[in-house]
> 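Please read through the structure below; I'll follow up with questions.
Count residues from 1 along the sequence.
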Amino acid sequence: MYDTIQDMNPPTELTAIPVLPSPSIARPHVLQPVSGPLLPMLIELREDALIVGRATETDIQIPSSTLSRQHMRLERRHDGYRAVDLGSVNGIHLNGIRVHSAVLRDGDILQLGDAVFMYHEGR
C-alpha cells in the first residue's frame, strides 16, 4: 500500500504571506518628577520650546519658592531637548552638576530648586 509515511502525506504547498511593519507610535519626551511639588504627574514635552518656572505664564509651572519665575527653557534639538538656565538664582543641575545649558539624554536627572525630574527620551 504505502512504502513510507511520506507517501501517505503528500507535500503541502506553502504560500508566502506578506508581513506588514507595525505602525510605530511616536511617544513624547517626558519629564518624570522624582521629588518635589509635581509628584506624581508626568510632563509630556511636545512643543519646540517650553519655559519652566514658578510664574503662572510659564508653559510648565512649578509652584515652588526655590524656582525663579522663569527658571529654564527647554528647546527641541533634532531628536531631543536642551535645557537652558534663564539666569535663575538656584540654577539647574544635571546629574548633580550645575550647568548653564546641556543636551538631555535618556535617564538624566534634572534638578531645579527642590524639583527633581528624570528625563525620558521619546521613541
> How many angstroms lie between CG in L112 and CZ in R54, if you round to the nearest 0.5 Å?
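Going from CG on L112 over to CZ on R54, the span is 13.0 Å.
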
> Would you say the side chain of V103 lies within less than 4.5 Å of the side chain of R77, judging by non-hydrogen atoms?
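Of all side-chain heavy-atom pairs linking V103 with R77, none is under 4.5 Å.
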
> Taking all non-hydrogen atoms of both residues, which atom of I51 and which atom of T58 are closest, and how far apart?
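So the minimum-distance heavy-atom pair works out to O-CB, 3.5 Å.
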
> Using every non-hydrogen atom in the two residues, find where L50 and D59 come nearest and quote the distance to one decimal.
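Heavy-atom minimum between the residues: CA-OD2, 3.3 Å.
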
> Would a hydrophobic clustering, with Ile, Leu, Val, Met, Phe, Trp and Tyr connected at side-chain separations under 4.5 Å, put L94 with I43?
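Yes.
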
> Does CD in Q70 sit with more than 12 non-hydrogen atoms of other residues, nucleotides or ligands closer than 6.0 Å?
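No - once you tally the heavy atoms of other residues, nucleotides and ligands closer than 6.0 Å, there are 12 at most.
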
> If you compare all heavy atoms of L45 against all heavy atoms of L74, which two are closest, and at what distance to 0.1 Å?
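For L45 versus L74, the nearest heavy atoms are CD2-CD1, 4.0 Å.
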
> Rounded to the nearest 0.5 Å, what's the gap from CE on M72 to OG on S88? Could you check?
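Result: 9.5 Å between the selected atoms.
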
> List the atom of I62, the atom of A115, and the distance in Å for their closest heavy-atom pair.
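That would be CG2-CB, 4.0 Å.
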
> Listed by chain and number, what are the side chain to side chain donor-acceptor pair (under 3.5 Å) partners of N95, not counting sequence neighbours?
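Side chain to side chain donor-acceptor pair (under 3.5 Å) list for N95, sorted by chain: D108.
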
> Tell me whether V99 shares a hydrophobic cluster with F117, the cluster being built from Ile, Leu, Val, Met, Phe, Trp, Tyr side chains joined at under 4.5 Å.
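V99 clusters together with F117.
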
> Here's a test for you: under side chain to side chain donor-acceptor pair (under 3.5 Å), which of R76, H29, E121 qualifies with Y81?
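That would be R76.
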
> Do D114 and N90 come close enough that some side-chain heavy atom pair is under 4.5 Å?
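Contact flag for D114/N90 side chains = no.
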
> Do you know the tightest heavy-atom contact between H71 and G91?
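Result for this residue pair: NE2-O, 2.8 Å.
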
> Testing the basics here: between Y119 and R105, what is the closest heavy-atom pair and its distance to 0.1 Å?
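Here Y119 and R105 meet closest at CD2-O, 3.3 Å.
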
> Find the distance between CD (Q32) and CG (L110) and round it off to the nearest 0.5 Å.
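Atom-to-atom, Q32:CD and L110:CG are 13.0 Å apart.
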
> Measure the shortest side-chain to side-chain distance between L31 and V52 over non-hydrogen atoms and say whether it is less than 4.5 angstrom.
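A side-chain contact is absent here, since even the closest heavy-atom pair is not under 4.5 Å.
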
> So, applying side-chain contact (heavy atoms from CB on, under 4.5 Å) with I92, which one of L86, D85, I97 is it?
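With I92 as partner, side-chain contact (heavy atoms from CB on, under 4.5 Å) holds for just one option, D85.
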
> Where do V84 and H100 land on the side chain to side chain contact (heavy atoms under 4.5 Å, CB included) test, with the steps shown first?
CA-CA 6 Å; V84 180; H100 172 68; 4.3 Å; yes

> Decide, yes or no, whether a salt bridge links E57 with R69 under the criterion of side-chain N to carboxylate O below 4.0 Å.
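Salt bridge: yes.
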
